[in-house]
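This is a predicted model, so every value here is computed, not measured. Both counts, for ligands and for their atoms, begin at 1 and track the order of listing.
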Amino acid sequence: MAGKTAQPNDNGARKDFMEPEDYFMAAAVLSARRSRDPSTQVGACIVNQDKKVVGVGYNKMPNGCEDHMPWSRSKGEDAAAAVWANGGDLTVATAAKVAAAAAETKLDTKYIYVCHAVLNAIMDKNSADVKGCSIYVTLFPSNECAKLIIQAGMKEVVYLCDKYHGSLETQAAKRMFKQAKIPCREFLPKEIEVVLKLKSA
Ligand SMILES: Nc1ccn([C@H]2C[C@H](O)[C@@H](COP(=O)(O)O)O2)c(=O)n1
């Protein structure tokens, strides 16, 4: 980013340092890079009232389950595809397949197994509690995340993306945050892009 203009009493410090909130959200974005979810990678960073990072997390399967749980979104989608693969001919056999797939839907998708980023950030905490903390999340919290944030005593939600704003989970989360008087705000970064190099050229 272009250097900031010199200020009076310039002590020679660099001016293009990263602002604290950009750093906190960048930590959440970087944490999301650890996620194995093929469709949505979510990161969370918990910051205490002294502006210290006290926990980071990303969406992942429970410890020890990383290699055997499904990452698919919906078995039903696969069944629907099977119907259309038969030219849309919903024969008895296909109907049975669709019904069986629907029954397995939940068990064969990631949703009932995956730990959300907020949960993992709280579990990662390096402090006795996260009361009064802010949480920086790359995706607006789900209803389950909202319960954790509220019950853990956090005071503020800062989010990057709200792509599921119409979902029941997000609507329920917003309803609970409103009742619990926990403000949520969309993050507007000062630096649009942060480039990380893990090895100098
Ligand atoms: N607040 C949230 C909402 C969702 N997640 C996780 C759960 C899944 O791994 C993924 C969403 O998958 P999609 O439905 O977009 O395929 O994100 C989370 O960690 N926090």
Participant: Quick one, Cys184 and Phe140 - any side-chain contact, counting heavy atoms below 4.5 Å?
Facilitator: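 SC-SC contact between Cys184 and Phe140 confirmed.
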
Participant: Output the distance between atom CD1 (Ile182) and atom CD1 (Ile150), rounded to the nearest 0.5 Å.
Facilitator: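 Ile182 atom CD1 to Ile150 atom CD1 measures 4.5 Å (nearest 0.5 Å).
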
Participant: Checking Asp22 side chain against Pro189 main chain: does a donor-acceptor pair fall under 3.5 Å?
Facilitator: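 Checked: no pair found.
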
Participant: Heavy atoms under 4.0 Å from ligand 1: which residues qualify?
Facilitator: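 Residues Asp37, Ser39, Thr40, Val42, Asn59, Arg73, Lys110, Tyr111, Val114, His116, Ala117, Leu139, Phe140, Pro141, Ser142, Cys145, Tyr164 each place a heavy atom under 4.0 Å from ligand 1, listed by chain and number.
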
Participant: Is it the case that more than 12 heavy atoms not belonging to Gln179 sit under 6.0 Å from its CD atom?
Facilitator: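 For Gln179, atom CD is not crowded (no more than 12 foreign heavy atoms under 6.0 Å).
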
Participant: Starting at OH of Tyr136, measure out to CE of Met25 and round the result to the nearest 0.5 Å.
Facilitator: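 Answer for the OH-CE pair, Tyr136 versus Met25, is 7.5 Å.
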
Participant: Supply the atom-to-atom distance Tyr58 OH to His116 NE2, rounded to the nearest 0.5 angstrom.
Facilitator: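 NE2 of His116 is found 15.0 Å from OH of Tyr58.
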
